[in-house]
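Numbered from 1 within each chain, the chains take letters A, B, ... in sequence-line order. This structure is a prediction, so every number in the text was calculated from the model and none was measured.
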Amino acid sequence: MVDRLESLFERYVSESYIFTNRDVLSHDFIPSQLPHREGEILRLGSILAPSLRKMKCSNVFIYGKTGTGKTAVSKYVLSRLSKKSEEIGGNVKVCYVNCRVAGTEYRIAASICSFLGVNIPFTGLSTAEVLNRFTVRIREVKAHLITVLDEIDVLVKGYGDRLLYELTRINENLGAGRVSLIGISNDLYFKELLDPRVLSSLSEEEVVFKPYTASQLKDILLQRAKLAFKPGALTDSALNLCAALAASEHGDARRALDLLRIAGELAERDNAEKVEDRHIKEAQKRIEHDRVFEALSSLPLHSKIILHVLYSADKAGKKGVTTGELYDKYLSTCSQLGVENLTSRRVGGLLNELDMLGVVNAQIVNLGRYGRTKQIKIKVPAKILEKAFKEDLYLGSLFNS
DNA sequence: CGTCCACAGGAATGACGGGCGG
DNA sequence: CCGCCCGTCATTCCTGTGGACG
């Protein structure tokens with residue numbers, strides 16, 4: 001026993017069979033070259049280049065599906081631009097904000113400010129005040145700030161285009177300095193939600209990122225694999241499989257890299273010498289499992305109760321529950337657990353959130369004389385749900401009986 | 001062909017915890 | 001320390017609605 005533990009430790013201390021540098025496969029790694037995106041890089045570069053000569057540059061709207069390199073290309077071009085600006089003593093500053101990560105209008109504004117060295121408290125100020133301080137600061141340092149708003153559709157869907165409107169208008173009463181915007185979205189139709197004035201201002205230029213094809217994905221993987229894996233540690237067929245799987249999921253390079261990294265980790269844990277097809281397949285299962293597990297276990301209590309109701313119905317062989325049935329069972333579950341219940345209005349809201357998350361499938365159906373309701377079905381495998389809820393402080397007890 | 005079911009989901013409002021400037 | 005404002009979660013009240021039934 002001791003010896004086996006010793007050898008396990010020893011394996012971790014000694015060099016890995018598989019990886020030379022696993023970080024190359026992580027999300028935030030930006031390689032020195034981005035294969036199959038030369039066109040987009042040059043395009044974005046030529047749009048932003050005027051800023052180096054203290055000239056106005058157009059706002060840009062970038063769209064394309066997830067994992068098509070939008071973020072990587074933007075960050076790459078921005079970092080090169082800011083390097084060049086430093087070199088020539090320019091005043092171009094760059095700033096990157098992910099709207100989904102930041103969350104609210106306020107935090108996005110605060111986050112932009114922090115790039116200019118203005119510290120904004122967590123909360124306490126109005127968004128208008130934050131923007132005001134931002135404007136003052138821009139004028140002060142006379143900077144040309146190029147702001148990337150990643151996942152801008154999340155901002156607009158949640159809070160409307162007020163912030164964007166303010167940002168596009170800021171230049172109008174700004175003596176010195178300038179603000180240019182780069183909006184990134186993976187939803188092509190979100191433009192419809194924008195006020196025409198904001199839209200025309202934001203999409204002075206547009207860049208579209210097409211999904212990678214399987215062979216392009218293969219090139220990308222090959223490039224990273226050279227840096228990440230030991231020579232010969234990745235089989236050709238595993239690499240091909242990886243590219244093929246990711247290509248079938250809308251040419252998502254991020255997904256492909258995740259697959260490769262996790263497959264590598266699995267192979268390493270297996271003490272295998274090479275990453276093979278089975279590791280890739282296993283990795284795909286793992287990713288899906290983890291995604292769902294994570295989503296489920298971080299849910300608020302009442303969402304979990306709702307899911308448990310649907311889970312029980314599903315286990316009883318019911319195919320779909322109506323809103324009324326759901327709410328009845330929800331009430332009884334709450335009293336069983338000794339938890340205060342929410343109103344049906346709120347439960348409906350939570351249900352919609354679960355639908356958006358893809359955990360649940362809710363469809364409005366018309367039963368004519370018998371009303372208009374929703375048919376709700378659970379979409380996650382029972383096993384994962386059990387695993388995610390068994391540890392829950394409140395819900396755990398429901399599984400022991 | 002009108003009714004009326006059983007909800008959907010928008011708007012207004014309130015409670016609450018947190019952080020600000022003064 | 002206080003009064004104020006914010007974001008978040010939840011409630012209350014409300015209007016809207018597609019189609020089977022009578």
Side-chain angles (χ1 to χ4, degrees), chain A residues 97-114 116-137 149 151-152 154-167 192-193 195 295-307 309-310 313 318-335 337-378 392-395:
Chain A
V97 183
N98 182 307
C99 299
R100 192 173 44 77
V101 173
T104 63
E105 259 184 337
Y106 179 86
R107 289 206 288 263
I108 292 166
S111 176
I112 297 173
C113 280
S114 73
L116 289 171
V118 184
N119 264 331
I120 300 291
F122 266 83
T123 167
L125 304 180
S126 69
T127 310
E129 174 57 19
V130 176
L131 283 173
N132 193 27
R133 292 187 188 189
F134 170 70
T135 320
V136 168
R137 180 68 175 179
L149 296 171
E151 307 200 48
I152 197 172
V154 176
L155 163 67
V156 175
K157 279 173 194 156
Y159 301 90
D161 54 9
R162 233 179 45 232
L163 182 65
L164 289 181
Y165 181 68
E166 296 295 334
L167 283 174
E192 290 165 14
L193 304 174
D195 184 290
L296 289 185
S297 38
S298 61
L299 246 29
L301 173 64
H302 289 276
S303 300
K304 286 185 178 175
I305 297 176
I306 292 168
L307 273 181
V309 170
L310 294 171
K318 279 199 165 195
K319 47 182 189 332
V321 178
T322 64
T323 310
E325 289 170 336
L326 171 71
Y327 192 62
D328 280 350
K329 298 229 178 79
Y330 163 81
L331 288 177
S332 61
T333 310
C334 279
S335 67
L337 294 172
V339 176
E340 290 252 347
N341 64 283
L342 303 176
T343 52
S344 58
R345 178 69 185 85
R346 183 64 190 133
V347 168
L350 290 175
L351 195 66
N352 281 341
E353 283 172 27
L354 292 173
D355 194 12
M356 300 264 254
L357 267 175
V359 176
V360 138
N361 190 332
Q363 266 192 331
I364 299 174
V365 286
N366 275 296
L367 274 25
R369 185 76 253 233
Y370 303 105
R372 194 164 177 268
T373 182
K374 269 180 171 173
Q375 275 289 329
I376 308 144
K377 275 191 336 201
I378 193 160
D392 189 276
L393 193 57
Y394 290 91
L395 286 160

*Measure the distance from CG on A/L351 to C1' on C/dA10 and round it to the nearest whole Å.*
16 Å
_Nucleotide C/dC6, atom P - distance to CD1 of A/I108 in whole Å_ = 17 Å
*Base, sugar-phosphate, or nothing for A/G324, non-hydrogen atoms under 4.0 angstrom?*
sugar-phosphate
*Does a side-chain N or O from A/T343 land closer than 4.0 Å to OP1 or OP2 of C/dT11, or not?*
yes
_Distance check needed: C/dC9 P versus A/N352 CG, whole Å only._
15 Å
*In whole angstrom, give the distance that lies between atom CG of A/D355 and atom C1' of B/dA8.*
13 Å
*To the nearest Å, how far apart are A/R346 CZ and B/dC7 C1'?*
18 Å
_salt bridge (charged side-chain N to carboxylate O under 4.0 Å, His left out) against A/E151, all qualifying residues, sequence neighbours excluded_ = A/R100
*Send over the distance from A/I305 CD1 to C/dA10 P, rounded to a whole Å.*
11 Å
*salt bridge (charged side-chain N to carboxylate O under 4.0 Å, His left out): which pairs involve residues 318-331 of chain A, sequence neighbours left out?*
A/K318-A/E325
*Would you tell me if any nitrogen or oxygen in the side chain of A/T323 comes within less than 4.0 Å of OP1 or OP2 on B/dA8?*
yes
*Qualifying residues under salt bridge (charged side-chain N to carboxylate O under 4.0 Å, His left out), relative to A/R345, sequence neighbours excluded*: none
*Specify the separation, in whole Å, of atom CD of A/E340 and atom C1' of B/dA15.*
14 Å
*Go through the structure and list residues passing side-chain contact (heavy atoms from CB on, under 4.5 Å) with A/V365, not counting sequence neighbours.*
A/L367, A/T373, A/Q375
*For DNA chain B, whose closest nucleotide is more 5', that of A/R345 or that of A/E325?*
A/E325
*Take A/L354 and A/I306, measure what side chain to side chain contact (heavy atoms under 4.5 Å, CB included) needs, and give me the verdict at the end.*
CA-CA 9 Å; A/L354 292 173; A/I306 292 168; 4.1 Å; yes
*Identify the two heavy atoms, one from A/Y394 and one from A/L337, that lie closest to each other, and give their separation to 0.1 Å.*
O-CD2, 3.4 Å
*asked:* Please list all pairs meeting side chain to side chain donor-acceptor pair (under 3.5 Å) that have one or both residues in residues 351-362 of chain A, counting only residues at least two apart or in different chains.
replied: A/N352-A/K374
*For nucleotides 14-22 of chain C, just jot down a letter per nucleotide in 5' to 3' order: B, S or -, based on protein non-hydrogen atoms under 4.0 Å.*
--BBBBBS-
*Any side-chain N or O of A/K374 less than 4.0 Å from the OP1 or OP2 oxygen of B/dA6?*
no
*Integer-rounded Å distance: C/dC9 C1' and A/L301 CG*: 14 Å
